[in-house]
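All values below were derived from every heavy atom in this structure, side-chain atoms included, with hydrogens, water molecules and symmetry-related copies excluded. So you know, we letter chains A, B, ... as the sequences are listed, proteins then strands, and number each from 1.
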Amino acid sequence: MPQLPGLLKGLGVTARTAARTLFPKRGMRTLIPAPQQGSVTVQYPHEKEAPPDRARGVIALHEENCTACMLCSRSCPDWCIYIEGHKVKAPPRRAGGKARTVNMVDRFDIDYALCMYCGICVDVCPFDALFWTPEYEYSEPNIADLLHDRIRLGEWMETVPEFQAYEQGSEQKVRAVPDFGPEDFAPARKLGADDAESDGARRLASAESDGARRLASGDGS
Amino acid sequence: MSPATVSDGARRFAPGAAALREQQAYVAGQAADARVNVELDTGDMTLNIGPQHPATHGTLRIACRLDGEQVIAAEPLMGYMHRGYEKLCEVRTYPQCTTLINRIDWLGSFANEVPFILAAEQLMGVEAPPRAQWIRTILFELSRIANVSLFLGDMGVQIGALTPVFFAFRDRERVLNQIEEVTGGRFHPNFDRIGGLKDDLPRGWIAETHAVMAKMRGFCDEMEDLLMGNEIFQTRCRGVGVIPKDVALSHGLSGANLRASGVDWDLRRDANPGLAWDQIDWRVWTHPDGDSFARYWVRMQETREATKIVDQLLDSIPSGPIMTKVPLIIKVPAGEAYVSTENPLGEMGYYVVSKGGLGPFRVKIRTPSFSNISIVPWVMRGTYVPDIITILGSLYFILGDIDR
Amino acid sequence: MSELTLTGALGLAYWAETSIKLGVALVVIPTAALMLGYLFLLKMMAFMQSRLGPQDVGPSGSLQLIADAIKFLQKEDIHPAAADRRVFRAAPVVVLASSFLLFVVLPTGPDAVVENLDTGVFYALAVSSLSVLGVLMAGWASASKYALLGGLRAAGQLIAYELPLILAVMGVVIQANSLNLQEIVRAQATGEIFGFGFVGNPFILTQFIGFLIFMISAQAELTQTPFDMPVAETELVGGFHVEYTGFRFLLFFMAEVATTFAFSALATVLFLGGWWIPGFDFDAPILNVLGPMVMLAKILLVAFVIFWIRFTYPRLREDQLQKFAWKVLIPLSLANIVVTGIFKVVL
């Protein structure tokens, strides 16, 4: 079979691509130019790309679950997580029981200017307090603003997608994102630093639900 | 070179005996010209290609002594992007090391993690379950496709064709999307764990990946029409930067650069460290010429072969767990291990010394690009300035892989 | 001849006519550069690469180049410390002047021509090679090794493509019996192909080899891709204009695109029948309006091919271009002249 010269074939490839980009429609509407559909690029500020659910965009903090155990901070390869916490006395779980000590988070900052997006902190967290979300629009003109505090990290919780189902043959169990409505969240944002006491009390009420797990957090900061 | 290793496709592109003689005469003539010009002392100038130069895709510097446009001597100078990863690994735990190792060959990151994790597993005496090995191999080959498909376009831009690199970026994106859907990271997956994998595949991924592999084969065909079959491309690459078999071996070349010189050597087949390559049907491509065109051709074939490998592996994934039992805090017993795999760029190996702590005591990283560019002074002598770019492009290095 | 008509018909003084022509030229050339740049350099390249090209400035990004030009004008004018300042500054002007001068002789209608020289072909080819002088000046004066290599490559390339370019045009000149571009258009309009004279005789039919050689050499003259060794982004990082910034770089860029436009026009005039429309009387005044439009359509067609090749092909090496020019193009064009001459004498 005689072969076309490569020079002509190359021209054919570029011409074909141009035609496909300019006239992507089929059938009757072939001749209507629609490069917006034909091109593969996403015109970023005008249209947004949807990353997959597992995409490591930004880390969200579910503060109720955090016990300030420092595991994430210690496992971070570039040590960009800053945690401070204190212990508060909590009422006993059952009437007549012993009073408990519970760790409260005062400060939970992630410096996204340092973060390498490796995801180790999310993996090591034993209490389901950290989650990845695919959000990616949080660039800042000032580098210091990339330090997200616990309030900001908590806001990302709304964007955490549900965990995906697994492919056939997998033995992994699909985890669940903790139920978390915005109404639970609103009072926590309003609390100032000096409201730690009432803050603690409020959060203890919600902590009752998964108290068993929290008891395991004896090795606080 | 036994003819058995040359495929029909290779023979179609292989030059005849006359063309081979012409190539040899060309190289000899260039060398003679270079010598004569030195004796006549027509005056030479030093040209620094890099550290900031579009053809070095990174910060490699090549100091050339030129006579006119002919290269008398060329020396690669590196270290402009040295990040000290070997040292940094010493002050990190094993899980933390993989995040750094991701960033060595940043175009095929997952492939970097595998040999390190395998070395640590070897020291600990654990082995990942079969399903994890399968998924590892699939992701390994996907990162190979992502890495090499970019080369297939980038080689075009090195020698002046504008369009191929855009096609490469366009179609590589599909592979990166598949990697991202599993690992969550497009470039830095950090997905491999000692004893298995971080997570299992999401539902629907296998079918999608089959479709992407078909697209990538289409991309290879398109590249063949657009670039590899182009007569100008062949004129620029045939007979340029010829590396004979023995020279390639003596300079420690590996990967496609070595196979393009006719050495039938592939760690995936010859020293499989336990991944799923031996479970399926595939072949190693070699080319007898050793010139820039042969290196391009071998990489093109390997990309095609990798899509077939992925297809077969996807069809035969065993079910089961993806993680074996390992302690929560990983302590690796004292000892030494060296594991190397056939990465997209060549042989990448990790020599891990452990003293029983949380992190390695010493990590020596054997990166393919570092050895591959050691051939530069030899192969560039007597060539012209445009050939420098052709040769650099076809040797295909990643700066992070040279300097780490 | 035509200028006499224009002066006679409108009764304009010489200075008035000259200033009108100058004004038209000053509008036409930047517009031409913008149009080619937008249509082909931005949009067509983007479509060939599955992209959209610029979108934000103006409808579909059509004002992008103007925005770019404004950006270039705002930039600091930098000279390398070791540069030969005068030559460095003059070089882009020389290059741009060469492409401006090319437009002088290009006919776009029976009277719509700036200056109808009797030696039009000779003038156009001579003036177009001036740009190499500017490139060499830029390369030498920049005091940069990359720029020097680029400039020397341009000079070395000159002889390799200028010769086939001229020899390719020779065939047309022999067939048309004139060096005057207007007369060449007339010869194509009034010519006949085997007695069938409705569409005239565009020389692309009889001089197809000449057309191919002309297009290949023009590609080299314009430093477009298979022969863009003087620029060579990936080797010489831009070659002769690597040290230029701001509006001096803008001048180089404009000159490149404007010369592409001018050469497409030259190819149109020499091979594609120029501005003449079949069915019209050659001197019909209405052609002064329709002619430029026909010209524009043909120019865009030729420029499309030039840019299409540019976006598709890789670059040759300098010695390969020399080999190609001396072993293929020049013998071929000489043979073309001989054959044309024989036919001229015999028929």
Side-chain angles (χ1 to χ4, degrees), chain A residues 3-18 20-21 39-42 49-57 59 71 74-79 115-124 126 131-134 136 161-175, chain B residues 12 88 92-93 95-100 102-103 129 131 135 161 163-164 166-167 169-171 173-174 177-178 180-186 188-191 193 198-207 222-234 317-323 328:
Chain A
Q3 286 219 323
L4 267 178
L7 293 172
L8 293 182
K9 263 192 193 168
L11 287 177
V13 170
T14 41
R16 198 165 59 229
T17 313
R20 274 189 199 147
T21 312
S39 70
V40 295
T41 47
V42 178
E49 202 170 355
D53 284 355
R54 285 189 188 178
R56 299 203 293 261
I59 297 167
L71 268 179
R74 272 184 295 177
S75 67
C76 178
D78 47 6
W79 304 291
C115 178
M116 304 212 300
Y117 297 85
C118 63
I120 292 180
C121 52
V122 180
D123 288 350
V124 298
F131 296 91
W132 278 112
T133 105
Y136 51 90
E162 289 296 322
F163 286 94
Q164 284 165 290
Y166 288 108
E167 189 64 271
Q168 303 262 305
S170 168
E171 293 181 359
Q172 292 287 101
K173 292 210 169 51
V174 181
R175 289 161 67 210
Chain B
R12 184 152 71 80
L88 285 173
R92 271 162 183 78
T93 63
Q96 288 176 350
C97 281
T98 54
T99 44
L100 297 177
N102 268 174
R103 285 152 171 86
R131 188 176 172 87
I135 297 173
T163 305
F166 285 93
F167 286 5
F169 275 122
R170 179 189 71 193
D171 287 331
E173 193 61 30
R174 304 181 208 277
N177 281 344
Q178 291 313 107
E180 189 183 14
E181 255 176 56
V182 181
T183 66
R186 273 157 43 89
H188 303 306
N190 191 29
F191 194 65
R193 296 284 185 273
K198 179 180 150 190
D199 212 346
D200 211 323
L201 304 174
R203 184 157 295 168
W205 190 81
I206 290 180
E222 207 173 43
M223 271 314 177
E224 194 162 325
D225 285 349
L226 178 63
L227 196 61
M228 197 164 83
N230 190 310
E231 280 80 2
I232 298 176
F233 178 80
Q234 301 200 9
I317 293 185
S319 52
I322 50 149
M323 196 75 185
L328 200 61

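- Most heavy-atom pairs under 4.5 Å with chain B: of the set A:Val124, A:Asp78, A:Thr17, A:Leu8, this distinction falls to A:Thr17.
- Partners of B:Arg131 by side-chain hydrogen bond (donor to acceptor under 3.5 Å, both in side chains), not counting sequence neighbours, listed by chain and number: B:Asp200.
- Chosen from A:Trp132, A:Trp79, A:Tyr117, A:Phe163, the residue pairing most often with chain B at heavy-atom distances under 4.5 Å is A:Trp79.
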Check step by step if side chain to side chain contact (heavy atoms under 4.5 Å, CB included) holds for A:Gln164 and B:Arg203.
-> CA-CA 7 Å; A:Gln164 284 165 290; B:Arg203 184 157 295 168; over 6 Å; no
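- Residue contact with chain A, scored on non-hydrogen atoms closer than 4.5 Å, is absent for B:Pro164.
- With a threshold of 4.5 angstrom between heavy atoms, B:Phe233 does not approach chain A through any atom at all.
- Using a 3.5 Å distance cut-off with no hydrogens or angles, the side chains of B:Thr99 and B:Asn190 do not pair a donor with an acceptor.
- Looking at B:Asp199 and A:Arg54, their side chains come closer than 4.5 Å, going by heavy atoms from C-beta outward.
- When A:Pro134, A:Pro52, A:Gly10 are compared by the number of non-hydrogen pairs under 4.5 Å with chain B, A:Pro52 comes out ahead.
- With a threshold of 4.5 angstrom between heavy atoms, A:Thr41 does not approach chain B through any atom at all.
- Note on B:His188, B:Glu173, B:Arg103: by heavy-atom pairs under 4.5 Å with chain A, the leading option is B:Arg103.
- For the options A:Gly57, A:Cys118, A:Pro51, heavy-atom pairs under 4.5 Å to chain B are most numerous at A:Cys118.
- The candidate from B:Ala161, B:Pro318, B:Gly204 with the greatest count of non-hydrogen atom pairs under 4.5 Å with chain A is B:Gly204.
- For the atom pair CZ of A:Arg16 and CG of A:Leu11, the computed distance is 12.0 Å after rounding to the nearest 0.5 Å.
- A donor-acceptor contact shorter than 3.5 Å links the side chain of B:Gln96 to the backbone of A:Ser75.
- Looking only at side-chain heavy atoms (C-beta outward), B:Arg193 and A:Asp123 come within less than 4.5 Å of each other.
- Atom OG1 in A:Thr133 sits 10.0 Å away from atom CG in A:Asp53 (nearest 0.5 Å).
- Ranked by heavy-atom pairs under 4.5 Å with chain A, the list B:Ser319, B:Pro202, B:Pro189 is led by B:Pro202.
- Only the side chain of B:Thr163 comes within contact range of chain A, judged by heavy atoms closer than 4.5 Å.
- Taking B:Met323, B:Glu222, B:Arg186, B:Glu180 one by one and counting their heavy-atom pairs under 4.5 Å with chain A, the maximum is reached by B:Glu180.
- Note that CG of A:Leu71 and CD1 of A:Ile120 are 12.5 Å apart. Values are rounded to the nearest 0.5 Å.
- Among B:Thr183, B:Asn230, B:Ile317, B:Thr93, the residue making the largest number of heavy-atom pairs under 4.5 Å with chain A is B:Asn230.
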